[in-house]
Participant: 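This is the structure I want to talk about, given as structure tokens.
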Amino acid sequence: MATPRFQHTRIPWHPAPMAAPLLLAYDPACTLCCRMALWLARRDRRGLLLILPVRDPELLILGPELGGKPVETEIHGLDLVTREVWAGADLLRPIARRLPGWQWAGPVLAIPGLPRLLNRIYLRWAVWRFRRTGRQPFA
């Protein structure tokens, strides 16, 4: 029997390394923040988002790097392995990496300036929306 000229070797499939858990600090007095935290918690099927209100005593124990940050005015996140801190629109990409079905958004959000543009659009929309409801923005 002739030996095949080229031998096919199987290369085992290695999944991408799993992202580290992300600690998210949000303001529970902000209804929009609460809804966003609930939305994220419902989609976090891998348990990679640890979502805590800013008044939770565990927050500074788990993330002392968040001390002194304006966590009541803007959502903040902390990678629990690298200890890198993100805030506001810059947090979109790390969140997308950790949510099943949202990994496609990571490369899109890496476009320079896009997170800042999205944040400006969101802030304008939020002010307009809160004016229509009669509530103060970000309260």
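We're numbering straight along the sequence, starting at 1. Everything numeric here is computed off the predicted structure, so don't read it as measured data.
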Participant: Would a 4.5 Å heavy-atom cut-off, applied to side chains only, mark Leu22 and Leu78 as touching?
Facilitator: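 No, side chains not in contact.
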Participant: So how far is it from Glu72 CD to Cys33 SG, rounded to the nearest 0.5 Å?
Facilitator: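 Reported to 0.5 Å precision, the distance equals 10.5 Å.
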Participant: Can we say Arg97 and Asp79 salt-bridge, meaning some charged N sits less than 4.0 Å from an Asp/Glu carboxylate O?
Facilitator: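 No, no charged N to carboxylate O under 4.0 Å.
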Participant: Hey, quick one: are Met36 and Val71 part of the same hydrophobic cluster, counting side-chain heavy atoms closer than 4.5 Å, chains of contacts allowed?
Facilitator: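 No, no single cluster joins them.
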Participant: Hey, quick one: are Trp39 and Ile51 part of the same hydrophobic cluster, counting side-chain heavy atoms closer than 4.5 Å, chains of contacts allowed?
Facilitator: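 Yes, it is one cluster - the side chains of Trp39 and Ile51 are joined through contacts under 4.5 Å.
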Participant: So, taking the atom named CG in Leu66 and the one named NE2 in His76, what distance separates them when rounded to the nearest 0.5 Å?
Facilitator: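 If I round to the nearest 0.5 Å, the distance is 7.0 Å.
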Participant: Please report the shortest heavy-atom distance between Asn119 and Ala89, naming the atom on each side.
Facilitator: CB-CB, 3.4 Å
Participant: Which atom names give the shortest non-hydrogen contact between Arg98 and Asp44, and what distance separates them?
Facilitator: O-OD1, 4.4 Å
Participant: Would you name the heavy atoms of Arg46 and Pro100 that are closest together and state the gap between them?
Facilitator: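 Closest pair (atom of Arg46, atom of Pro100, distance): CG-CG, 4.2 Å.
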Participant: Would you kindly confirm whether Leu59 and Leu62 end up in one hydrophobic cluster when ILVMFWY residues are joined by side chain heavy atoms under 4.5 Å apart?
Facilitator: yes
Participant: What's the shortest heavy-atom distance between Arg83 and Pro64, and which atoms?
Facilitator: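 Smallest interatomic distance, heavy atoms only, reads NH2-CD, 3.7 Å.
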Participant: Tell me, do Pro115 and Leu118 make a side-chain contact under 4.5 Å, heavy atoms counted?
Facilitator: no
Participant: Quick one: closest heavy-atom pair of Gly77 and Leu24, and the distance?
Facilitator: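 The pair with the smallest heavy-atom distance is CA-CD2, 3.9 Å.
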Participant: Can you find a heavy atom in the side chain of Leu91 that is under 4.5 Å from one in the side chain of Ile75?
Facilitator: yes
Participant: Of all the heavy-atom pairs spanning Arg55 and Asp27, show the shortest one and how long it is.
Facilitator: NH1-OD1, 3.4 Å
Participant: Let me check something: any side-chain donor-acceptor pairs from residues 101-112 under 3.5 Å, sequence neighbours excluded? List them with distances.
Facilitator:
residue : atom : partner : partner atom : Å
Gln103  : OE1  : Gly101  : N            : 3.2
Gln103  : NE2  : Leu99   : O            : 3.1
Trp104  : NE1  : Gly101  : O            : 3.0

Participant: Quick check on the hydrophobic clustering: are Ile95 and Trp86 connected, directly or via other members, by side-chain heavy-atom contacts under 4.5 Å?
Facilitator: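 Yes, because Ile95 and Trp86 connect within a single hydrophobic cluster, where side-chain heavy atoms sit under 4.5 Å apart.
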Participant: Is there a donor-acceptor pair under 3.5 Å between the side chain of Arg124 and the backbone N or O of Arg120?
Facilitator: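 Here the side-chain-to-backbone pair does not exist.
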Participant: Between Leu40 and Tyr26, is there shared hydrophobic-cluster membership here, with clusters defined by ILVMFWY side-chain heavy atoms closer than 4.5 Å?
Facilitator: yes
